[in-house]
There are 2 protein chains.
Amino acid sequence: MRVSAKADYAVRAAAELAAAQAEEAPVKGERLAEAQDIPLQFLEHILLELKHHGIVRARRGAKGGYWLARPADEVTIAEIVRAVEGPIAHVQSTPPEDIEYRGNSEHLQAVWIAVRASLRSVLEEVTLADLVSGELPSVVGELTSSKDAWVAR
Amino acid sequence: MRVSAKADYAVRAAAELAAAQAEEAPVKGERLAEAQDIPLQFLEHILLELKHHGIVRARRGAKGGYWLARPADEVTIAEIVRAVEGPIAHVQSTPPEDIEYRGNSEHLQAVWIAVRASLRSVLEEVTLADLVSGELPSVVGELTSSKDAWVAR
DNA sequence: GCACTCCTGACCAAGGAGGTCAGGAAAGTC
DNA sequence: GACTTTCCTGACCTCCTTGGTCAGGAGTGC
């Protein structure tokens, strides 16, 4: 139930690309790495994965760099996380709907499905455009408004 | 963003203990392992962790076994998951409220906080009593009612 | 004293996390 | 055509986690 460095890096780099989308010019990996303080070579692997998933495009050579394949308001955080981490909320590496629970844990499946749905309700709602503008969807506002949400437990 | 085998096993074993709470007698590890099809020796390690976290009690010897330290309706899934997996929704192994995001990813912190809050809204609401009775809290019903929640993506 | 059951630490293989390194391949510039 | 720039790719590396197994020790009950 944790977020990997890779996923965090990927979203941050994508946010930089979203912000640079107006510029109409590719952004160098080096600039992304510096802006978000991410090891360059590691970031390049991540960007490659994002490219393979059709989230990012790239060109080599002088004047080369990376840019978003789609408008920033059409790319969700969920997509980016899935691209680098794989499916969200798998249990024992299999999707919860495929697991058979017996005996007294029969209803556990519904709980894991609910967990996944709740994750989706956040990650699939927030787009890169929301992220860079700071105008996050209302679901985020509701979840973060309580003081309680900001303390560890 | 996945649920480990350990967490899944822990919740299932705890569900068996919850169901057996009426019996007033300890349940052997072997019986738990068989009921939920969990490797016995692995399960024993898990039960030990639950014990150290004050969720379960145990006695050795003949007539020994495990039982819940508290009534089933006072133990949440969140507690069990934390006992075996550690804190929920950490990013790069640190709690989201401690991370400083700069530049265009400034608002990413709020997103991760929202992710954690949404997980909590499910995991802290469901108790072992809910799980074995099948009367899950309304939040689970709402999240699982859509057909969409049950399909992979 | 003995059977029973939990308790504990050591170990193990495979894979993932979080990188680094070295070189190749396209694109632009002179 | 040579050269520089920048992405692309695979190999490699260390440390840690996952998902276990094994062997023995220590309480408990009869």
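Convention: sequence-line order gives letters A, B, ...; per-chain numbering from 1.
Counting to the nearest Å, the P atom of dC21(C) and the CG atom of L40(A) are 12 Å from each other. As rounded to whole Å, 9 Å separates atom C1' of dG16(C) from atom NZ of K6(A). Protein atom CH2 of W67(A) is 11 Å distant from nucleotide atom C1' of dC7(D), rounded to whole Å. The CD atom of E85(A) sits 13 Å away from the C1' atom of dG18(C) (whole-angstrom rounding). Between the CZ atom of F42(A) and the C1' atom of dC8(D) there is a distance of 16 Å, given to the nearest Å. Residue L48(A) contributes atom CG, which lies 14 Å from atom P of dA26(C) at whole-angstrom precision. What separates CD1 of I38(A) from P of dG19(C) is a distance of 10 Å, to the nearest Å. The CZ-P distance, from R57(A) to dA27(C), rounds to 14 Å in whole Å.
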Given the rule in the side chain to side chain contact (heavy atoms under 4.5 Å, CB included) test, do V11(A) and L131(A) qualify, once you have shown the distances and angles that lead to the verdict?
CA-CA 10 Å; V11(A) 175; L131(A) 188 59; 3.8 Å; yes

Please report the C-alpha distance between Y66(B) and R31(B) in whole Å, then the side-chain angles of each, then the deciding distance to 0.1 Å, and finally whether the side chain to side chain contact (heavy atoms under 4.5 Å, CB included) criterion is met.
CA-CA 10 Å; Y66(B) 302 90; R31(B) 188 175 132 195; over 6 Å; no

Between V111(A) and L136(B), does the side chain to side chain contact (heavy atoms under 4.5 Å, CB included) criterion hold? Intermediate values first, please.
CA-CA 8 Å; V111(A) 176; L136(B) 300 172; 4.2 Å; yes

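Of the listed nucleotides (dG18(C), dA22(C), dC7(C)), dA22(C) has the atom at the smallest distance from the side chain of Q41(A).
Under a 4.5 Å side-chain heavy-atom criterion applied to ILVMFWY residues, the cluster that includes V132(A) comprises that residue alone.
Considering CD1 of I80(B) and CG of L128(B), their distance stands at 4.0 Å, rounded to 0.5 Å. In this structure, the separation between CD on E30(B) and CD on E44(B) is 9.5 Å, given to the nearest 0.5 Å.
Comment: E34(A) does not engage K28(A) in a salt bridge, judged by the lack of any side-chain N to carboxylate O separation of less than 4.0 angstrom. Ion pairing between a basic and an acidic side chain is recognised when a charged N comes within 4.0 Å of a carboxylate O; R153(B) and D148(B) show such pairing.
Between dG19(D) and H45(B), no contact under 4.0 Å exists linking OP1 or OP2 to a side-chain N or O. For dC8(D), one of the phosphate oxygens OP1 or OP2 lies less than 4.0 angstrom from a side-chain nitrogen or oxygen of K51(A). Residue Y9(B) places at least one side-chain N or O closer than 4.0 Å to OP1 or OP2 of dG20(D). For Y66(B) and dC7(C), the shortest distance from a side-chain N or O to OP1 or OP2 is below 4.0 Å.
Mapping R2(A) and L47(B) onto DNA chain C by nearest heavy atom places L47(B) at the nucleotide closer to the 5' end. Both A5(A) and E44(A) lie close to DNA chain C; mapped to their nearest nucleotides by heavy-atom distance, the more 5′-ward contact belongs to A5(A).
A heavy atom closer than 4.0 Å to some atom of DNA chain C occurs in no member of residues 13-35 of chain A.
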Once base and sugar-phosphate atoms are separated, protein heavy atoms under 4.0 Å mark nucleotides 24-30 of chain D, 5' to 3', with B, S and - as -BBBBSS

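Of all the heavy atoms in E125(B) and P137(B), the pair that sits closest is O-CG, 3.5 Å.
Side-chain contact between R12(A) and D8(A) is present, with heavy atoms from C-beta onward closer than 4.5 Å.
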